[in-house]
Amino acid sequence: DDESEMREIPVASVRRLYRELFTNAPEYLVWQNHAPRLTASGDGLGSEASVRRFTRQSDITGIDIYPVPEGGGHSNLANRTLSCVGEYTDLAAKSANGQKPVWMILQAWSWGGPQGSADKPFPTATELRFMFYNAILHGATGIAYYSVAGLADLHSPFMRILADLNRELASVEEFLLIGTPLPLE
């Protein structure tokens, strides 16, 4: 489910759907993806309390985040750097009371403009790698990449970057699956 809270879908409808899926298709997981907000005060739209009502209707939670180029507008945090990925990972976990896995959707295209344009560039290899590890170090247990138009050219430079990053993840997969997270300052 994608951004039901921000789209103001009635929580009762989401709850009903989750119960139906839980009853009739228990072998499937329900993932509630949220918009990168969760910063409003009180219990209104975009607040932790509001998002939590939707997170309850899922097995997994997460947020999609697109901080490239730095200083962009796809975030409500004061932090407009790449490290907002980790902060949003923390917010997603908090919205689930630390009781559900967090899967983050990372930027694999230029949000808000033509893909790869000068003012909305694709993330570089270094930027993607930082976002990836920033999410993991903040507790993400799943990573997805998102592209509006798809990344159809499997031989493009950007797909090569994604492939390299996926190979790097595969090389540390066993550690990530059996390792014990260390508290980080």
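Computed from heavy atoms alone, side chains included, the values below leave out hydrogens, waters and symmetry copies.
Here the shortest heavy-atom pairing between Thr141 and Pro101 reads OG1-CB, 3.4 Å. Listed here is the closest heavy atom pair of Ala40 and Leu45: CB-O, 3.5 Å. Pairing each heavy atom of Asn97 with each of Arg52, the nearest pair is OD1-NH2, 3.1 Å. Scanning all heavy atoms of the two residues, the minimum distance from Val85 to Pro67 falls at CG2-CG, 4.1 Å. For the residue pair Gly62 and Ala92, the shortest heavy atom distance occurs at CA-CB, 4.2 Å. The two residues Lys94 and Glu48 have their closest heavy-atom pair at CE-OE1, 3.1 Å.
Looking at heavy atoms from C-beta onward, Phe132 lies in side-chain contact with Tyr145 at the 4.5 angstrom threshold. Two residues are said to be in side-chain contact when any heavy atoms from C-beta on lie closer than 4.5 Å; Ile143 and Met131 fail this criterion. Looking at Val68 and Phe122, their side chains never come closer than 4.5 Å, going by heavy atoms from C-beta outward. Between Ser83 and Phe130 the shortest side-chain heavy-atom distance falls below 4.5 Å. Between Phe54 and Met6 there is no side-chain heavy-atom pair separated by less than 4.5 Å.
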Step by step, would you call Thr55 with His34 a side chain to side chain contact (heavy atoms under 4.5 Å, CB included)?
CA-CA 9 Å; Thr55 298; His34 298 292; 2.8 Å; yes
Ile105 and Ile65: CA distance, side-chain angles, deciding distance, side chain to side chain contact (heavy atoms under 4.5 Å, CB included) verdict
CA-CA 6 Å; Ile105 297 179; Ile65 186 64; over 6 Å; no
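With a 6.0 Å radius and a threshold of 12 heavy atoms from other residues, nucleotides or ligands, Asp43 has its CG atom at or below the threshold.
Formation of a donor-acceptor pair under 3.5 Å by the Glu70 side chain with backbone atoms of Leu82 is found in this model. Proximity of a side-chain donor or acceptor of Arg15 to a complementary backbone N or O of Arg56 within less than 3.5 Å is not detected.
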N/O donor to acceptor pairs below 3.5 angstrom from side-chain atoms of residues 24-32, sequence neighbours left out:
residue: Asn24; atom: ND2; partner: Glu20; partner atom: O; Å: 3.1
residue: Asn24; atom: ND2; partner: Glu20; partner atom: OE1; Å: 3.0
residue: Gln32; atom: NE2; partner: Asp1; partner atom: OD2; Å: 3.0

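Note that the CG atom of Asp64 and the CG atom of Asp2 stand 6.0 Å from one another [nearest 0.5 Å]. Separating the OG1 atom in Thr61 from the NZ atom in Lys100 is a distance of 7.5 Å, to the nearest 0.5 Å. Atom OG1 of Thr89 and atom CD1 of Ile136 lie 9.5 Å apart (nearest 0.5 Å). Separating the CD1 atom in Ile9 from the CD atom in Glu3 is a distance of 11.0 Å, to the nearest 0.5 Å. Here the CG atom belonging to Leu91 is positioned 10.5 Å from the CG atom belonging to Asn76, to the nearest 0.5 angstrom. One finds the CZ atom of Arg37 at 10.0 Å from the CG atom of Leu77 (value rounded to the nearest 0.5 Å).
For the side chain to side chain donor-acceptor pair (under 3.5 Å) with Glu87, the qualifying choice from Asn79, Thr39, Thr81 is Asn79, the only one to do so. Of the options Ser50, Ser95, Ser47, a side chain to side chain donor-acceptor pair (under 3.5 Å) to Glu5 is made by Ser50 and by none of the others.
Looking at residues two or more places apart in sequence or on another chain, you find a salt bridge (Lys or Arg N to Asp or Glu O under 4.0 Å) between Arg167 and Asp164.
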